[in-house]
S.K.: 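Before I ask anything, let me first share the structure, which is written out below as structure tokens.
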Amino acid sequence: MFDRIAHRYDLINRVLTFRMDVGWRRALGRQFPGHADLAILDVATGTGDVLLFTLERHRNIGLAVGLDVAPRMMQFGVDKARRQGMAGRVQFVQGDALALPFADNSFDVVTISFGIRNVTNVPVALAEMRRILKPSGKALILEFSFPKNRVLRAAYLAYLRHVLPRVGGLLSGDAIPYQYLDKTVEGFPYGEQFCTIMTASGFEEVRQTPLTFGIATVYSGAKK
């Protein structure tokens, strides 16, 4: 499904979020540790937006790997990295979030942006993310959530249900992924519920940082 819309994926993200997704990724990057030679893994990397954005703004990264099950999405990431002069700084690996093909204690940071709600077993994916983190490593998860304000929440739901699928379908030529997006966002636990799931998966110091009135949230957890 994601490979079908890969050619327009970045453009549609910018249009549908009014470019707020760029600010959300900045917020994610601000929570990276400051020490040198970081090894980072971006799960469900798609076209590599988070990785390339991070490499552009953080000079303390020694290893940057993106993983996804969708090869065409990653090919667009490879092409973007080449155009931006970053081809030698990033690696793309096809793989499954439920069985990460990396050794225990391999990375300082693992990220996943707007992808955790798409995995078929969230606790297993979180356990895999924790497994491949080094001691004191950090998981950063960016995902859609809901505003607490009732008026904003109602407007957001109307946008998700009626506007987003139509605009996404028009721009991509395929409405199904954007109908799917609405269903997954509405049905996914967020806020304290998701923090509880992270804690149950073994993460400590679990925190949430709501963004843009709660439309999106960055969740963080540490491996001790």
S.K.: Are L164 and L211 linked, directly or through intermediate hydrophobic residues, by side-chain heavy-atom contacts shorter than 4.5 Å (ILVMFWY only)?
M.R.: yes
S.K.: Would you check if D3 and M73 make a side-chain contact, meaning some heavy-atom pair closer than 4.5 Å?
M.R.: yes
S.K.: I'd like a table of donor-acceptor pairs (distance under 3.5 Å, sequence neighbours excluded) in which one partner is a side-chain atom from residues 199-207, with atom names and distances.
M.R.:
unit_1: T199; atom_1: OG1; unit_2: C195; atom_2: O; d: 3.0
unit_1: S201; atom_1: OG; unit_2: I197; atom_2: O; d: 2.9
unit_1: E205; atom_1: OE2; unit_2: K224; atom_2: NZ; d: 2.9

S.K.: Over 60° means perpendicular and under 30° means parallel, so tell me whether F18 and Y159 are parallel, tilted or perpendicular.
M.R.: tilted
S.K.: Distance from T209 atom OG1 to R30 atom CZ, nearest 0.5 Å?
M.R.: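 So the OG1 of T209 and the CZ of R30 are separated by 9.5 Å.
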S.K.: Would you say the ring centroid of F114 lies under 6.0 angstrom from that of F144?
M.R.: yes
S.K.: Of all heavy-atom pairs between L100 and E128, which one has the smallest distance, and what is that distance?
M.R.: N-OE1, 2.7 Å
S.K.: Output yes when a side-chain donor or acceptor of K223 lies under 3.5 Å from a complementary backbone atom of R130, and no otherwise.
M.R.: yes
S.K.: Side-chain heavy atoms under 4.5 angstrom apart, residues restricted to Ile, Leu, Val, Met, Phe, Trp, Tyr: same cluster for I116 and M198?
M.R.: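 Linked within one cluster.
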S.K.: Given the rule that I, L, V, M, F, W and Y join up when any side-chain heavy atoms are under 4.5 Å apart, are I61 and V93 in one cluster?
M.R.: yes
S.K.: Look at the aromatic rings of F2 and Y180 and report parallel, tilted or perpendicular, splitting at 30° and 60°.
M.R.: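 F2 and Y180: perpendicular rings.
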S.K.: When rounded to the nearest 0.5 angstrom, what distance separates OG1 in T47 from CG in D68?
M.R.: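 Going from the OG1 atom of T47 to the CG atom of D68 covers 9.0 Å.
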S.K.: For Y156 and I215, which heavy atoms make the closest approach, and how far apart are they?
M.R.: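 Closest approach of Y156 to I215, heavy atoms only: OH-O, 3.6 Å.
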S.K.: Calculate, to the nearest 0.5 Å, the distance between atoms CD and CZ belonging to E56 and R89 respectively.
M.R.: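 Rounded to the nearest 0.5 Å, the CD-CZ separation comes to 9.5 Å.
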S.K.: Just wondering, do F107 and V65 contact through their side chains at under 4.5 Å, heavy atoms?
M.R.: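 A side-chain contact under 4.5 Å exists here.
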S.K.: Between Q91 and L63, what is the shortest heavy-atom contact and its length?
M.R.: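 That would be NE2-CD1, 3.4 Å.
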S.K.: Using only heavy-atom distances, determine whether the side chains of R117 and T184 contain a donor-acceptor pair under 3.5 Å.
M.R.: yes
S.K.: Which is it for I176 and R4 under the side chain to side chain contact (heavy atoms under 4.5 Å, CB included) test, yes or no, and what are the steps along the way?
M.R.: CA-CA 10 Å; I176 292 175; R4 293 202 309 266; 4.2 Å; yes
S.K.: Taking G214's backbone N and O only, do any of them form a donor-acceptor pair with K148's side chain (distance below 3.5 Å, no angle check)?
M.R.: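 Checking the backbone N and O of G214 against the side chain of K148, no donor-acceptor pair under 3.5 Å is found.
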S.K.: Do the non-hydrogen side-chain atoms of L170 and R166 ever get within less than 4.5 Å of each other?
M.R.: no
S.K.: Do K138 and S220 get their side chains close enough for a donor-acceptor pair, meaning under 3.5 Å?
M.R.: no
S.K.: Is there a continuous path of hydrophobic side-chain contacts, each under 4.5 Å between heavy atoms, that joins Y9 to V15?
M.R.: yes
S.K.: Can you tell me if CZ on R57 sees more than 12 non-hydrogen neighbours from other groups inside 6.0 Å?
M.R.: yes
S.K.: Tell me whether the count of non-hydrogen atoms from other residues, nucleotides or ligands lying under 6.0 Å of NZ in K134 goes above 12.
M.R.: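 More than 12 heavy atoms, drawn from other residues, nucleotides or ligands, come within 6.0 Å of this atom.
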S.K.: Rounded to the nearest 0.5 Å, what separation is found between the CD1 atom of I5 and the CG atom of L11?
M.R.: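 Rounded to the nearest 0.5 Å, the CD1-CG separation comes to 11.5 Å.
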S.K.: Nearest heavy-atom pair of V119 and A125: which atoms, and what distance?
M.R.: CG2-CB, 4.0 Å
S.K.: Heavy atoms, side chains only, cut-off 4.5 Å: are L126 and I141 in contact?
M.R.: yes
S.K.: For residues 32-45, which side-chain donor-acceptor pairs fall under 3.5 Å, sequence neighbours excluded?
M.R.:
unit_1: D42; atom_1: OD1; unit_2: T111; atom_2: OG1; d: 2.6
unit_1: D42; atom_1: OD2; unit_2: T45; atom_2: OG1; d: 2.8

S.K.: Does the pair V122 and F188 meet the rule for a side chain to side chain contact (heavy atoms under 4.5 Å, CB included), with working shown?
M.R.: CA-CA 10 Å; V122 172; F188 194 74; 3.8 Å; yes
S.K.: Please name the pair of heavy atoms, one in R131 and one in F102, separated by the smallest distance, quoted to 0.1 Å.
M.R.: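 Smallest heavy-atom distance, with atoms named: NH1-O, 2.8 Å.
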S.K.: If hydrophobic clusters are built from ILVMFWY residues whose side chains come within less than 4.5 Å, do V90 and V78 share one?
M.R.: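 The answer is yes; both residues are in one hydrophobic cluster.
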S.K.: Please determine whether side chain to side chain contact (heavy atoms under 4.5 Å, CB included) holds for the pair F146 and V185, giving the CA-CA distance in whole Å, both sets of side-chain angles, and the decisive distance to 0.1 Å.
M.R.: CA-CA 9 Å; F146 286 91; V185 171; 3.9 Å; yes
S.K.: Any side-chain heavy atom of E186 sitting closer than 4.5 Å to one from L157?
M.R.: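 In short, these two side chains touch, coming nearer than 4.5 Å.
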S.K.: Check the pair Q208, E192 against side chain to side chain contact (heavy atoms under 4.5 Å, CB included), reporting the backbone distance first and the verdict last.
M.R.: CA-CA 8 Å; Q208 56 174 313; E192 288 301 327; 2.9 Å; yes
S.K.: Looking at R14 and D21, is there a salt bridge between them, counting it only when a charged N and a carboxylate O are closer than 4.0 Å?
M.R.: yes
S.K.: Say you draw a straight line from CZ of F92 to CD of Q75; how long is it, rounded to the nearest 0.5 Å?
M.R.: 9.5 Å
S.K.: Are M86 and L51 packed together at the side-chain level, in the sense that at least one heavy-atom pair is separated by less than 4.5 angstrom?
M.R.: no
S.K.: Can you see which heavy atom on L133 is nearest to which on A139, and at what distance?
M.R.: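 For L133 versus A139, the nearest heavy atoms are CD1-N, 3.9 Å.
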S.K.: Does any non-hydrogen side-chain atom of L55 lie less than 4.5 Å from one of Q84?
M.R.: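 Not in contact.
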S.K.: Using the benzene-type ring in the case of Trp, are the ring centres of F194 and Y219 under 6.0 Å apart?
M.R.: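 Yes, close enough.
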